[in-house]
Engineer: 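First the structure, which I've put down as structure tokens, then a few questions once you've had a look.
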Amino acid sequence: MKSTSSPSKSSSARLKRTIWRDALMVFGGFTALLAYFISIEAFEYVVDFSSTHESWELDEILTGMMVLPIAMTIFSVRRLREAYRELSCRIEAEEQAQAMAMHDPLTGLPNRRNITHAIEQAIDQADEAPLALLLIDLNRFKAINDLQGHQVGDALLIGIADRLKAHVGDSAVVSRLGGDEFVILLRDAPQGEALIARAEDISACFDAPFELEHGSVTIGASIGVTYVDSSDVSADAAMSQADAAMYKCKVRKSNCVRFFEAGMEMAAIRRASMEADLRDAIRAERIEPHYQPLVCLEDGRIIGYEVLARWRLDDGELRMPDDFIGIAEDIGLIDDMFYSLLEQAAADVRKWSPELTFAMNLSPVQFGDEWLVERVLKILAGAGIAPGRLEIEITENSLVTDVEMARNVIQQFKSQGIRVALDDFGTGYSSLRHLSELEFDKLKIDRSFVHDVYINESSQTIVRTITSLAHNLGMQVTVEGIDTAENAQSVIGYGCDIGQGYLYGKPAAKAGMDQKGDKSERAA
Ligand code: C2E
Ligand code: CA
Ligand code: CA
């Protein structure tokens with residue numbers, strides 16, 4: 001984008017003009033004076049005067065006066081050139097400062113100030129030429145920055161800037177607002193289906209991994225879109241609309257595009273206040289563990305529980321993890337939440353029968369916590385619980401973030417006798433090589449393959465194949481989401497080892513001793 005008119009540039013140009021004007025005035029004055037002296041034959045007059053006043057030594061003075069203009073001219077030309085050179089340097093420096101003030105130094109894209117000005121200009125014309133704003137916020141960028149370092153984070157931002165710029169070409173302006181937020185301004189934006197197609201096309205920029213010097217990185221983006229066809233809207237309001245639409249995506253975590261609809265701003269405001277509430281809730285241990293039974297499919301015995309986070313609100317209602325785990329990850333609170341839950345769970349587990357295990361979900365953001373394993377062991381030791389009773393669940397998707405980090409964490413847990421399970425298997429990406437190399441103890445087949453397994457042949461094939469693959473690699477298989485007896489029968493038939501689902505028990509605040517006392521929290 002062209003920078004908007006620069007005051008420093010015009011003042012420098014004015015100065016240059018002044019130098020030339022002065023030089024021309026001096027030269028002009030000199031020429032005029034010369035012409036005048038010639039016209040009145042001044043030289044002859046001086047010669048006459050000199051010869052009549054021989055004793056005054058005027059000829060020496062005149063010779064000096066003849067040489068002086070030559071010296072002055074040389075001096076002036078040199079000074080002029082120097083002044084000109086100095087001015088050019090100053091202009092260059094001013095232009096650089098100007099560019100820096102209007103551009104993001106990392107990606108070279110127009111910055112917030114610059115794009116806000118461009119949006120204001122575009123909105124002025126919006127009655128004739130409507131515009132669209134696409135606010136792009138990267139998903140889990142913090143995890144990449146924390147886990148792989150700022151160098152990789154920076155290289156990724158540059159890669160994204162380049163890809164977006166190449167994709168939109170001259171038809172739109174790409175800007176970086178700061179952090180992991182970008183905005184695209186589409187002038188003369190299409191409407192309806194065409195705009196949806198355009199936004200999805202831009203979202204597809206995030207489908208392919210980014211090949212960086214340090215390896216390949218995959219990242220998703222949440223894109224909020226707003227369409228402006230009236231010059232009555234302010235740039236701030238348009239940005240807030242795109243922001244509100246973007247926040248709607250954030251709940252889903254994956255790549256997504258949402259269009260602004262009335263009422264969304266309220267949701268964005270709610271999210272901002274939710275962040276503050278979440279901080280308080282973690283501190284006050286209002287994020288509490290609920291327990292869902294894990295059952296041995298062979299004999300129906302409960303062998304342990306999965307710990308699932310629940311946010312207890314002031315009115316006693318429970319908020320589900322899908323509504324706040326993503327936020328806790330985004331704002332760097334997931335570690336605190338995990339340790340708080342582990343401490344509360346450990347206090348419960350010590351009252352359970354000693355053969356019962358418990359499983360905690362680990363977010364990939366936590367791979368970057370260098371004291372993770374030590375702190376977990378300390379909490380277990382404090383509660384007098386053997387590490388062998390804890391199982392850590394990491395999702396298949398977290399392997400995408402950084403396999404090496406995952407490997408390191410898994411090895412550390414395993415070396416302390418803590419088992420590790422691969423969660424949500426089948427929903428993400430993991431190569432067979434990861435499965436054999438990462439030494440998981442367990443594989444949890446995602447519930448999406450289970451809800452219709454008793455009738456759906458492809459689900460049956462998937463569950464059967466995954467089970468036999470896992471067994472061949474020495475892993476146990478847990479099947480999630482078993483909510484009917486028919487589904488249970490099917491998976492038992494395929495040789496799966498452990499079952500979890502509403503059929504055996506919903507997540508409940510109490511566990512470990514008296515199952516009948518479970519307070520179920522929601523219907524299937
Ligand atoms: P997940 O680890 O796959 O947990 C299982 C989810 O499936 C739970 O949802 C559970 O209530 C639900 N579920 C269990 N049985 C059935 C069933 O028969 N039918 C159906 N439809 N659903 C069933 P929940 O508790 O809402 O948790 C959602 C996700 O939130 C979890 O998925 C996990 O990825 C994440 N999560 C929960 N607690 C934590 C936590 O403490 N830390 C982290 N990092 N993630 C957590
Ligand atoms: Ca889990
Ligand atoms: Ca799961």
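Remember, it's 1-based here, ligands and their atoms both numbered in the order they're listed. These numbers come from the heavy atoms of this one structure, side chains and all, not from hydrogens, waters or symmetry mates.
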Engineer: Relative to ligand 1, is Met360 under 4.0 angstrom through side chain, backbone, both or neither, heavy atoms considered?
Structural biologist: neither
Engineer: Would you find more than 12 non-hydrogen atoms of other residues, nucleotides or ligands less than 6.0 Å from Gln151 atom CD?
Structural biologist: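 Counting neighbours around CD of Gln151, 12 or fewer heavy atoms of other residues, nucleotides or ligands fall under 6.0 Å, so no.
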Engineer: Which pair of non-hydrogen atoms, one from Lys506 and one from Pro293, has the smallest distance, and what is that distance?
Structural biologist: O-CD, 4.2 Å
Engineer: Among Asn487, Asp483, Leu308, whose heavy atom sits nearest atom 8 (C) of ligand 1?
Structural biologist: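 Among Asn487, Asp483, Leu308, the closest heavy atom to atom 8 (C) of ligand 1 belongs to Leu308.
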Engineer: Taking the basic N atoms (NZ, or NE/NH1/NH2) and the acidic carboxylate oxygens, is any pair closer than 4.0 Å for Glu306 and Lys444?
Structural biologist: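 Judged by the 4.0 Å cut-off on N to carboxylate O distance, Glu306 and Lys444 do form a salt bridge.
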Engineer: Is the closest basic N to carboxylate O distance between Arg419 and Glu391 below 4.0 Å?
Structural biologist: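 Salt bridge: yes.
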Engineer: Enumerate the atoms of ligand 1 whose separation from the nearest heavy atom of Gly501 is less than 4.0 angstrom.
Structural biologist: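 It comes down to these atoms of ligand 1: 15 (N), 18 (O).
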Engineer: So which atom in Ala511 and which in Tyr305 form the shortest heavy-atom distance, rounded to 0.1 Å?
Structural biologist: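 Looks like CB-CE2, 3.5 Å.
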Engineer: Ion pair present between Asp104 and Arg176, side-chain N to carboxylate O less than 4.0 angstrom?
Structural biologist: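 Salt bridge present between Asp104 and Arg176.
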Engineer: Can an N or O of Arg310 be found at a distance shorter than 3.5 Å from an N or O of ligand 1?
Structural biologist: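 Yes, since at least one N or O of Arg310 sits under 3.5 Å from an N or O of ligand 1.
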Engineer: Run the numbers on Asp441 and Lys414 for salt bridge (Lys or Arg N to Asp or Glu O under 4.0 Å), then give the verdict.
Structural biologist: CA-CA 9 Å; Asp441 298 283; Lys414 288 191 58 125; 3.0 Å; yes
Engineer: Does the pair Asp336/Arg279 count as a salt bridge with the N-to-O cut at 4.0 Å?
Structural biologist: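 Salt bridge flag = no for Arg279 with Asp336.
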Engineer: His290 near ligand 1, heavy-atom distance under 4.0 Å?
Structural biologist: no
Engineer: If you apply the rule salt bridge (Lys or Arg N to Asp or Glu O under 4.0 Å), what do you find for Arg310 with Glu288, and how did you get there?
Structural biologist: CA-CA 5 Å; Arg310 297 290 182 265; Glu288 54 183 55; over 6 Å; no
Engineer: Give, for atom OG of Ser203 and atom CZ of Arg258, the distance between the pair rounded to the nearest 0.5 Å.
Structural biologist: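 These two atoms lie 13.5 Å from each other.
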Engineer: Going by the order shown, which atoms of ligand 1 are within less than 4.0 Å of some heavy atom of Gly481?
Structural biologist: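 Here the atoms of ligand 1 in question are 16 (C), 17 (C), 18 (O).
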Engineer: Any chance you could lay out the salt bridge (Lys or Arg N to Asp or Glu O under 4.0 Å) test for Lys142 and Glu329, step after step, and finish with the verdict?
Structural biologist: CA-CA 8 Å; Lys142 188 176 182 311; Glu329 287 173 342; over 6 Å; no
Engineer: Suppose I only count heavy atoms of Ser363 and a 4.0 Å limit; which atoms of ligand 1 are within that range?
Structural biologist: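 Those of ligand 1 that fall under 4.0 Å from Ser363 are 44 (N).
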Engineer: Does only the side chain of Pro507 get under 4.0 Å from ligand 1, or the backbone, or both, or neither? Count heavy atoms.
Structural biologist: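 Looking at Pro507 and ligand 1, just side chain atoms fall under 4.0 Å.
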Engineer: Side chain, backbone, both or neither: which applies to Lys506 and ligand 1 if a contact is any heavy-atom pair less than 4.0 Å apart?
Structural biologist: neither
Engineer: Report yes if Val307 has an N/O atom closer than 3.5 Å to an N/O atom of ligand 1; otherwise report no.
Structural biologist: no
Engineer: Among pairs that include at least one residue of residues 318-344, which meet ring pair (Phe, Tyr, Trp, His ring centres under 6.0 Å), considering only residues two or more places apart or in two chains?
Structural biologist: Trp311-Phe324
Engineer: Any N/O of Gln500 closer than 3.5 Å to an N/O of ligand 1?
Structural biologist: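 Between Gln500 and ligand 1 (N or O atoms, distance only) the closest approach is not under 3.5 Å.
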Engineer: Could you give the side-chain donor-acceptor pairs of residues 156-168 under 3.5 Å, partners two or more places apart or in another chain?
Structural biologist:
unit_1, atom_1, unit_2, atom_2, d
Arg163, NH1, Cys205, O, 2.7
Arg163, NH1, Ala208, O, 3.0
Arg163, NH2, Pro209, O, 3.0

Engineer: With backbone taken as N, CA, C and O and side chain as the heavy atoms from C-beta onward, which portion of Ile325 lies under 4.0 Å from ligand 1: side chain, backbone, both, or neither?
Structural biologist: side chain
Engineer: Based purely on interatomic distance, does Thr395 place a nitrogen or oxygen under 3.5 Å from a nitrogen or oxygen of ligand 1?
Structural biologist: no
Engineer: One residue to check: Asp423. Relative to ligand 1, which of side chain, backbone, both or neither has a non-hydrogen atom less than 4.0 Å away?
Structural biologist: side chain
Engineer: Residues in side-chain hydrogen bond (donor to acceptor under 3.5 Å, both in side chains) with Asn456, at least two apart?
Structural biologist: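 Here the qualifying residues are Asp452, Ser458.
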Engineer: List ligand 1 atoms under 4.0 Å from Asn361, heavy atoms only on the residue side.
Structural biologist: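 Ligand 1 atoms under the 4.0 Å threshold to Asn361: 2 (O), 38 (N), 39 (C), 40 (C), 42 (N), 43 (C), 44 (N), 45 (N), 46 (C).
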Engineer: Could you list which atoms of ligand 1 come closer than 4.0 Å to a heavy atom of Asp322?
Structural biologist: 28 (C), 29 (C), 30 (O)
Engineer: Which distance, rounded to the nearest 0.5 Å, do you find between the CG of Leu195 and the CG of Leu134?
Structural biologist: 7.0 Å
Engineer: Counting heavy atoms only, which part of Leu341 comes closer than 4.0 Å to ligand 1: side chain, backbone, both or neither?
Structural biologist: side chain
Engineer: Taking the non-hydrogen atoms of Gln366, is any one of them nearer than 4.0 angstrom to ligand 1?
Structural biologist: no
Engineer: With no hydrogens and no angle check, is any side-chain donor or acceptor of Glu396 less than 3.5 Å from a backbone partner on Gly426?
Structural biologist: yes
Engineer: What atoms of ligand 1 come within less than 4.0 Å of a heavy atom belonging to Gln292?
Structural biologist: 10 (C), 14 (C), 15 (N)
Engineer: Does the residue Met337 have a heavy-atom contact with ligand 1, meaning some pair of atoms that are separated by less than 4.0 Å?
Structural biologist: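 Contact present.
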Engineer: Using a strict cut-off of 4.0 Å, indicate which atoms of ligand 1 neighbour a heavy atom of Asp424.
Structural biologist: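 The atoms of ligand 1 under 4.0 Å from a heavy atom of Asp424 are 3 (O).
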Engineer: I'd like to know if Asp280 and Arg283 make a salt bridge, using a cut-off of under 4.0 Å between side-chain N and carboxylate O.
Structural biologist: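 Salt bridge between Asp280 and Arg283, a charged N being under 4.0 Å from a carboxylate O: yes.
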Engineer: Could you pull out the N/O/S protein atoms under 3.0 Å of the Ca ion (ligand 2), ignoring any water?
Structural biologist: Glu306 OE2, Asn361 OD1, Glu393 OE1, Asp423 OD2
Engineer: Test of understanding: given a 4.0 Å heavy-atom threshold, classify the contact between Glu480 and ligand 1 as side chain, backbone, both, or neither.
Structural biologist: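 Looking at Glu480 and ligand 1, just side chain atoms fall under 4.0 Å.
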